[in-house]
Amino acid sequence: MTSTAPYLLTPGPLTTSRTVKEAMLRDWGSRDGAFIAMNARIRDRLVRLVGGGDTFVAVPLQGSGTFAVEAMIGTLVPADGKLLVLVNGAYGQRMLRMARTIGLDVAAIETPEDRPVEPAALDRALAADPAVTHVAVVQCETTSGILNPIEAVAAVTAAHGRALLIDGMSAFGALPLDAGRTPFQAVAASANKCLEGVPGLAFVLVRRDALDAAAGNAHSLSLDLHDQWKGFEANGQWRFTPPTHALAAFDRALEEHEAEGGVEGRGARYRENARVLIDGLRAMGFRTLLPDHLQAPIIVTVRMPADPRFVFADFYDRLRERGFVIYPGKLTVSDSFRIGCIGRLGATEMRAALDAIRATLDEMGVATGAPAGEGNQE
Ligand SMILES: *Cc1c(COP(=O)(O)O)cnc(C)c1O
């Protein structure tokens, strides 16, 4: 793979291909016919990725992924609605905070960070609270790397006649989400996670009927998805200055995604990345936070080694010098760090990262990555 070091083993920004970067070597006028056609192509492709047919529309938005999630909540939940957020990590907490900031009526069901959200608890909560109009859930909680049972959550939400909003950020393009099988009203994601574009651009896929009904809901002008959508429908253009270079890179990234076999092909590469990484880490004594059946092939949370010679900041800097950037932990329950499996990286790069980790441990005089209470290799 022809990327330039450092490799970003992080959940975004992440490593992109040279060809995606090269797609940015040209300036675009926002009213240029070719640019308008590029936007239409991107929007069509995104809808196709969830099998959205004519039922869904894609609304791209300037900004990072958080902007799209906030636009989704602010536009689709009406002022007299109520949002129930399923929380098992920082991104669920962030949706809760957004809803409060917007001034919406909001409730949460919280689950520990190393446990999936619970469809049965959702079922009870919806039965008990008819005021809830929308449910929000994170598909892959990047805080821990856990995969949430999105299909069961969707089925329960639909059975109660409520609408489901998904933060699909760190899963979109690598883990399946099929509008025909999983009922949801909207999913928010960004260009710079599993779709391997560059940062600066996000999007929401929304049911057309729901977006149509959402005129005038939004708390904010720039985050008004309905208004943004109407702009595209009117003349194919962005309301405000588009992130032209990020869009050109995204167009190229979507082409490369399709060439790799779409969601299935991309997911297969990430699963292999995760497998190589987890096996290699365990062989050095490290322990993952999650058991394999809860682990999404996106980012792996590693429990902090017990050896006092292992100082994370030092480990991080030494790995960075060897060309690999990892990620600090974001857990509140346990001391940890994280290593991502997404971006333009394959098994070769994962093995090189493991070699760099091995060499770094040796340099630091750390014999094993085992956390406290785990002297034995399992
Ligand atoms: C990355 C991410 C986001 C958005 O983060 P930004 O930094 O705003 O791009 C939201 N939700 C999840 C689950 C994520 O992984």
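Atoms within each ligand, like the ligands themselves, are counted from 1 in listed order. This is a predicted model, so every value here is computed, not measured.
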message: Under 4.0 Å between a side-chain nitrogen and a carboxylate oxygen: does that hold for Arg351 and Asp355?
response: no
- prompt: Can you find a side-chain donor-acceptor pair between Thr19 and Glu256 that sits under 3.5 Å?
  reply: yes
- prompt: Would you say the side-chain atoms of Arg338 pair up with the backbone N or O of Val300, donor to acceptor, closer than 3.5 Å?
  reply: no
task: Dump the intermediate steps for salt bridge (charged side-chain N to carboxylate O under 4.0 Å, His left out) on Arg309 and Asp314, then the final yes or no.
output: CA-CA 10 Å; Arg309 280 162 296 200; Asp314 187 23; over 6 Å; no
query: Got a salt bridge between Arg41 and Asp251, using NZ or NE/NH1/NH2 to carboxylate O under 4.0 Å?
result: yes
message: Centroid separation under 6.0 Å, is that true for the rings of Phe315 and Phe337?
response: yes
Please tabulate, one line per pair, the protein N or O atoms found under 3.5 Å from any N or O atom of ligand 1, giving the distance to one decimal.
from	atom 1	to	atom 2	distance (Å)
ligand 1	8 (O)	Ser64	OG	2.5
ligand 1	8 (O)	Gly65	N	3.3
ligand 1	8 (O)	Thr66	N	2.8
ligand 1	8 (O)	Thr66	OG1	2.4
ligand 1	9 (O)	Gly65	N	3.0
ligand 1	11 (N)	Asp167	OD1	3.2
ligand 1	11 (N)	Asp167	OD2	2.6
ligand 1	15 (O)	Thr142	OG1	2.4
ligand 1	15 (O)	Lys193	NZ	2.7

